[in-house]
Amino acid sequence: MTTTTATSSHHLSPAFPGRAPWGTANKLRAWQQGAMEKYIQEQPRDFLAVATPGAGKTTFALTLASWLLHHHVVQQITVVAPTEHLKKQWAAAAARIGIKLDPEYSAGPLSKEYDGVALTYAGVGVRPMLHRNRCEQRKTLVILDEIHHAGDSKSWGEACLEAFDPAARRLALTGTPFRSDTNPIPFVTYEEGNDGIRRSSADYTYGYGNALGDGVVRPVIFLSYSGNMRWRTKAGDEIAARLGEPMTKDAISQAWRTALDPRGDWMPNVLRAADQRLTEVRKSIPDAGGLVIASDQDSARAYAKLIREITGTRATLVLSDEAASSERIDEFSESTDRWMVAVRMVSEGVDVPRLAVGVYATTISTPLFFAQAVGRFVRSRRRGETASVFLPTIPSLLGFASEMEVERDHVLDKPKKAGEDEDPYAESEKELAEAEKQQDEDTGEQDMLPFEALESDAVFDRVLYNAAEFGMQAHPGSEEEQDYLGIPGLLEPDQVQLLLQKRQARQIAHSRKKPDTEADLLELPAERRPVVSHKELLELRKQLNTMVGAYVHQSGKPHGVIHTELRRVCGGPPSAEATAGQIRERIKKVQEWATRMR
């Protein structure tokens, strides 16, 4: 199957309606027109359109549905969406262009006043034969919104295959066609590449890079915050670390959870900075809103309380996928209120075009969820609008942020040799853990305690924009931080880049004038402060394991004894939880011991 990719050189210029995200545009954008032309020319039974969040997938789908109904290619429409809220949004959008969908349909004959139904994937999973019968009785166009959700569980995928196999036409839509797993997505074609890996093949692709060039989506400025974290592990160890420094996966996860704890100082400082950014954006976009994406309901409530303390105004709280929550989202969308706090449900598809500032306050670390979350802020209503997303300095998140313009496909096969572990150092890590357990009474032998975040602070770390990094570290509330929070809310993409370069140059010049004794933060530009990956940390741990192994032969002492002694002398937790700095210190110490024995 051939993939067509839209570019800004298409023969039609994109439309910029004042507010036309849900089927209300009276003029199609270039990519929508191009996808329509391709579909009408080829008349396929299955069609996969991949378009970046905010590009207008719904407008395209409903325009195509209207064309197919008008030309009697199909007689009814079935829309399948991920959530109850989106199901109702589809029905409302369809009604605006004269297509009536019943979002409350459950069983039995459909009222003649309707052109079709709007369902959820979970609903299809419950009664697949009901929907199969409907497809068999009348020629049906099935629109599968964010179709990657059909691969969320084996039962959902099987239900979709069973229910919609007889459909006359199937239109699959997604803004993020990739998944973290290898569950096949129904009605998606996979093609094998030269490497033997099967990847999803789209019929039409309109990526974020294309949309940004066309002015269809906003450029995203990512503001990353570091800081010192201290927590107590389940084993009872107290650990201190700084966000962004090399750590094990477990330590990164625990430091991340500590940062997001509303009782520490990190979240209040980041929320305060995000609110200042929102104030700046509202100077040029008066109705701009902010969204905090929380991990759970307790955290969401606590963040809403913090926002009220910071701003003096109430935040809209969205806790679950219930009718009242849908109403709250709609009310917020139509208002000029400043902040909404939500748990997950606003991460995908929910249409609040005025959202311009976000705080990523969840520990979900998949590229799929990150792309969906950022997609809530990129919908452009007029040229020059920018989006700002605040992040903790977590290597995976900064990696996702720098790859915003990368187009991905869903990979059905993982490149993995028989018997080979995905982590090339996993065996070394297992050996190291076993060696430490032999003599280290502190690792896992005592009663396990609950994880406890003890304290956190926040430090402005860097700005990421267009795969480049800017800025030096700065304290919250400082003039240096304000420089980046005060970037105008209306700028063309190249103006954003130029302004960030100027702000960084000014920050560097100011730093050089200060006496060295006043430099309490690492005063290097972001590009010279790489956030070290887990792979690099594994290299350090492998180096320590090698050094200890060599010293075993030299000293005659067991591995476990040496690791226990290194912990006693150097301090810190077991190597599996140690930071890069702690591991380097142990490498230096064991080298020192080996030198003395020569």
Side-chain angles (χ1 to χ4, degrees), residues 220-229 242-244 255-256 258-285 288-294 299-300 302-313 315 338-341 355-362 373-374 376-377 386-394 397-398 401 455-465 469-489 491 496 499-500 503-504 506-507 510 520-522 526 529 531:
V220 184
I221 302 167
F222 293 97
L223 298 101
S224 168
Y225 279 72
S226 176
N228 294 307
M229 308 294 137
R242 191 175 187 84
L243 285 185
W256 193 346
T258 302
L260 299 185
D261 190 309
R263 295 166 295 184
D265 289 336
W266 194 91
M267 273 304 298
N269 277 309
V270 171
L271 288 174
R272 194 172 290 110
D275 189 65
Q276 289 176 19
R277 177 73 190 131
L278 181 59
T279 296
E280 182 63 41
V281 170
R282 282 168 77 104
K283 291 177 183 177
S284 48
I285 311 173
L291 167 66
V292 181
I293 299 177
S299 295
Y303 297 158
K305 185 179 178 183
L306 286 172
I307 287 171
R308 178 147 200 169
E309 292 170 1
I310 291 166
T311 67
T313 57
R338 291 178 74 87
W339 284 99
M340 176 162 59
V341 182
L355 286 177
V357 176
V359 179
Y360 194 88
T362 174
V374 174
R376 298 314 97 219
F377 307 96
T386 60
S388 305
V389 177
F390 288 72
L391 306 169
T393 302
I394 301 295
L397 296 187
L398 299 194
E455 62 180 344
S456 64
D457 61 33
V459 171
F460 171 78
D461 189 45
R462 68 192 67 210
V463 173
L464 288 86
Y465 176 74
E469 301 182 24
F470 305 89
M472 296 192 296
Q473 292 189 339
H475 290 291
S478 66
E479 184 182 334
E480 289 81 6
E481 182 200 38
Q482 300 305 313
D483 248 5
Y484 294 97
L485 297 180
I487 292 169
L491 287 172
V496 175
L499 192 54
L500 286 170
R503 297 280 160 103
Q504 176 172 276
R506 188 160 74 193
Q507 196 180 4
H510 185 254
D520 61 335
L521 294 173
L522 188 60
R529 291 184 286 111
V531 177

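In this chain, numbering begins with 1 at the start of the sequence shown.
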> What heavy-atom pair brings Phe377 and Val357 nearest, and what distance separates the two atoms?
Replying inline: CE2-O, 3.3 Å
> Of the non-hydrogen atoms in Trp339 and Gly290, which two are nearest, and what is the gap between them?
Replying inline: CE3-C, 3.3 Å
> Heavy atoms, side chains only, cut-off 4.5 Å: are Val341 and Ile307 in contact?
Replying inline: yes
> So how far is it from Asp457 CG to Asn269 CG, rounded to the nearest 0.5 Å?
Replying inline: 8.0 Å
> Do Asp265 and Ser456 meet the criterion of a side-chain donor-acceptor pair at a distance under 3.5 Å?
Replying inline: no
> Once you round to the nearest 0.5 Å, how far does CZ of Arg242 lie from CE of Met229?
Replying inline: 8.5 Å
> For the atom pair CD (Glu280) and CD1 (Ile487), what is the distance rounded to the nearest 0.5 Å?
Replying inline: 9.0 Å
> With side chains defined as the heavy atoms from C-beta onward, is the minimum distance between Ser299 and Leu260 less than 4.5 Å?
Replying inline: no
> Taking side chain as C-beta onward, heavy atoms only, is Leu485 less than 4.5 Å from Phe390?
Replying inline: yes
> Which atom names give the shortest non-hydrogen contact between Ile285 and Gly489, and what distance separates them?
Replying inline: CD1-O, 3.9 Å
> What's the verdict on side chain to side chain contact (heavy atoms under 4.5 Å, CB included) for Leu398 and Phe222, showing C-alpha distance, side-chain angles and the deciding distance?
Replying inline: CA-CA 9 Å; Leu398 299 194; Phe222 293 97; over 6 Å; no
> Can you check whether Leu391 reaches Leu223 side chain to side chain, under 4.5 Å on heavy atoms?
Replying inline: no
> Who are the salt bridge (Lys or Arg N to Asp or Glu O under 4.0 Å) partners of Glu309, not counting sequence neighbours?
Replying inline: none
>> Going by the rule side chain to side chain donor-acceptor pair (under 3.5 Å), which residues pair with Trp266 if we only count those two or more places apart in sequence or in a different chain?
In response: none
> Can you tell me how far CG of Leu355 sits from CZ of Arg376, rounded to the nearest 0.5 angstrom?
Replying inline: 9.0 Å
>> Using the side chain to side chain donor-acceptor pair (under 3.5 Å) criterion, which residues pair with Tyr225? Sequence neighbours excluded.
In response: Glu481
>> Once salt bridge (Lys or Arg N to Asp or Glu O under 4.0 Å) is applied, do any residues pair with Arg277, and if so which ones, sequence neighbours excluded?
In response: none
> Nearest heavy-atom pair of Val281 and Ala288: which atoms, and what distance?
Replying inline: CG1-CB, 3.8 Å
> Measuring from Arg338:CZ to Thr313:OG1, what's the distance to the nearest 0.5 Å?
Replying inline: 6.5 Å
> Between Met267 and Ala259, which heavy-atom pair has the shortest distance, and what is it?
Replying inline: CG-O, 3.5 Å
> Got a donor-acceptor contact below 3.5 angstrom from the Ser226 side chain to the Leu243 backbone?
Replying inline: yes
>> Nearest 0.5 angstrom please: Asp275 CG to Thr311 OG1, how far?
In response: 5.5 Å
>> What verdict does the side chain to side chain contact (heavy atoms under 4.5 Å, CB included) test give for Asp483 and Gln507, after you've listed the backbone C-alpha separation in whole Å, the side-chain angles of each residue and the deciding distance to 0.1 Å?
In response: CA-CA 9 Å; Asp483 248 5; Gln507 196 180 4; 5.6 Å; no
>> According to salt bridge (Lys or Arg N to Asp or Glu O under 4.0 Å), who are the partners of Lys305, at least two apart in sequence or on a separate chain?
In response: none
> Does some side-chain heavy atom of Phe470 sit less than 4.5 Å from a side-chain heavy atom of Arg462?
Replying inline: no
> Going by distance alone, is a donor N or O of one side chain under 3.5 Å from an acceptor N or O of the other, for Gln482 and Gln276?
Replying inline: yes
> Would you call Glu480 and Met472 a side-chain contact if the rule is heavy atoms closer than 4.5 Å?
Replying inline: no
>> Would you say the ring centers of Tyr484 and Phe460 fall short of 6.0 Å from each other?
In response: yes
> Under the 3.5 angstrom rule, does the side chain of Asp461 hit a backbone N or O of Ser224 as a donor-acceptor pair?
Replying inline: no
>> Going by the rule salt bridge (Lys or Arg N to Asp or Glu O under 4.0 Å), which residues pair with Asp261 if we only count those two or more places apart in sequence or in a different chain?
In response: Arg263
> Are side-chain heavy atoms of Tyr465 and Thr386 found at a separation under 4.5 Å?
Replying inline: no
> So, for Ile310 and Pro268, which heavy atoms are closest and what is the spacing to 0.1 Å?
Replying inline: CD1-O, 3.7 Å
